[in-house]
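Order of the sequence lines sets the chain letters (A, B, ...), proteins ahead of strands, with each chain counted from 1. What you see is a predicted model; the values in this text were computed from it and never measured.
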Amino acid sequence: MRIVTWNVNSLKARLERVEAWLDEARPDIVCMQETKLADDAFPALTFQALGYESAHYGQGQWNGVAILSRVGISDVVVDFADGLPADPDARIISATCGGIRVSSVYVPNGRSLDNDHYHYKLQWMERLRNHVAATCDPTADVVVAGDFNIAPDDRDVVDPAKLVDVTHVSPQERAALMALESWGFTDSFRHFYDQGSLYSWWDYRAGDFHKGNGMRIDLILATASVMKRATWSIVDRNARKGTSPSDHAPVLLDLV
DNA sequence: ATGGTCGTTGCACGA
């Protein structure tokens with residue numbers, strides 16, 4: 001079974017490339033972020049023709065998350081299931097696919113450390129942990145995959161010394177991610193590669209991709225029972241090349 | 001040399 005997370009940065013702008021990539025990589029479960037579509041604009045029939053059932057939670061214009069599955073999709077939950085007031089943004093959708101409880105998440109960017117959006121980001125991460133703890137068992141098959149907008153540690157950036165007092169690397173953000181992982185998750189890519197220099201996002205500007213100036217912020221978190229089945233993980237940076245790419249590359253995790 | 005590009009929308013803003 002192949003599980004993928006990919007921030008497509010507008011499915012409307014990216015559909016042709018997404019279709020071509022799905023045909024090539026043949027994933028079984030795809031967690032997608034930043035579809036930037038309303039639910040009635042989501043191209044479910046296009047994915048159906050490629051063999052995928054799907055569930056989408058969008059608002060149009062910004063955000064928007066989806067799950068595609070070739071191994072069934074049931075018990076779809078949009079937003080957090082914690083009884084608190086709904087998140088104003090469409091940033092999380094969960095479903096059961098092939099026996100795995102899967103969530104596709106688009107963690108808030110944070111913008112800057114002195115921005116209200118940064119506090120929203122930290123609160124969102126805490127709420128994500130509570131959501132997982134309330135709805136899942138750490139001994140079960142659970143995957144939370146998506147754009148976390150957090151580089152877990154200094155191996156996940158090019159030059160840590162240049163990243164002081166900025167989002168994605170602050171101790172508070174990293175602690176929030178560690179708190180989520182401590183519930184029972186492994187950063188599956190890191191399980192297979194303990195070196196750095198393999199990133200999942202590169203700014204469109206300044207030729208960052210070609211300079212290798214990226215960050216690893218797209219993660220597939222998996223519980224122990226899923227990790228026992230894991231055989232390899234990779235970032236497909238080829239998907240970041242060529243005409244009209246997303247600024248993120250897909251991350252893959254294969255299970256037996 | 002400290003910018004630079006995208007995607008949205010609408011004549012800026014978010015990432």
Exercise for the section: Write down the distance separating the P atoms in dT8(B) and dT2(B), rounded off to the nearest Å. Expected result: 31 Å

Exercise for the section: Nearest whole angstrom, please: distance from the C1' of dG7(B) to the CG of Asp147(A). Expected result: 15 Å

Problem - Euclidean distance for P, dG14(B) against dG10(B) (whole angstrom) - result: 14 Å

Problem - Under 4.0 angstrom between Arg14(A) side-chain N/O and dG7(B) OP1 or OP2 - result: yes

Practice task
Before accepting this row, confirm whether a basic side-chain N of the pair Arg174(A)/Asp153(A) lies closer than 4.0 Å to the acidic partner's carboxylate O.
Solution key: no

Exercise for the section: Take the protein atom CG of Asn63(A) and the nucleotide atom C1' of dC13(B), then report the distance between them rounded to whole Å. Expected result: 14 Å

Exercise for the section: Using the closest heavy atom to pick a nucleotide of DNA chain B for each, name whichever of Lys12(A) or Gly110(A) lands nearer the 5' end. Expected result: Lys12(A)

Handout entry: Rounded distance in Å between the P positions of dT9(B) and dA15(B)
Key = 15 Å

Handout entry: Rounded distance in Å - CZ (Phe209(A)) to C1' (dA15(B))
Key = 18 Å

Practice task
Name the nucleic acid region contacted by Lys211(A), choosing base, sugar-phosphate or nothing; use a 4.0 angstrom heavy-atom cut-off, strictly under.
Solution key: base

Exercise for the section: Would you mind checking if Arg240(A) and Asp208(A) are paired as a salt bridge, meaning a charged N to carboxylate O distance below 4.0 Å? Expected result: no

Exercise for the section: Apply the side-chain hydrogen bond (donor to acceptor under 3.5 Å, both in side chains) test between Gln33(A) and each candidate in Thr5(A), Asp147(A), Asn7(A); give the one that qualifies. Expected result: Thr5(A)

Fill in the blank from the handout: Result for 5'-nearest mapping on DNA chain B, choosing between Arg205(A) and Asn7(A), is Arg205(A)

Problem - Tyr120(A) OH to dA15(B) C1', straight-line distance once rounded to whole Å - result: 15 Å

Exercise for the section: Find the distance Tyr106(A):OH to dT8(B):C1' and express it as a whole number of Å. Expected result: 12 Å

Problem - Selection from dT8(B), dG4(B), dA15(B) that lies nearest to any side-chain heavy atom of Asn109(A) - result: dA15(B)

Problem - Length of the line joining Asp247(A):CG and dA15(B):C1', which is rounded to integer Å - result: 7 Å

Exercise for the section: Look up atom OG in Ser188(A) and atom CE in Met227(A), then write down how far apart they are to the nearest 0.5 Å. Expected result: 5.5 Å

Fill in the blank from the handout: Of dT8(B), dC6(B), dG4(B), the nucleotide closest to the side chain of Gln61(A) is dT8(B)

Practice task
Take atom CG of Asp89(A) and atom C1' of dA15(B), then tell me their distance rounded to the nearest Å.
Solution key: 13 Å

Handout entry: Aromatic ring proximity Trp232(A)/Tyr193(A), centre distance under 6.0 Å
Key = no

Exercise for the section: Determine the Euclidean distance between corresponding C1' atoms of dG7(B) and dA1(B); express it in Å to zero decimal places. Expected result: 28 Å

Handout entry: Spacing between His248(A) atom NE2 and dG7(B) atom C1', to the nearest angstrom
Key = 12 Å

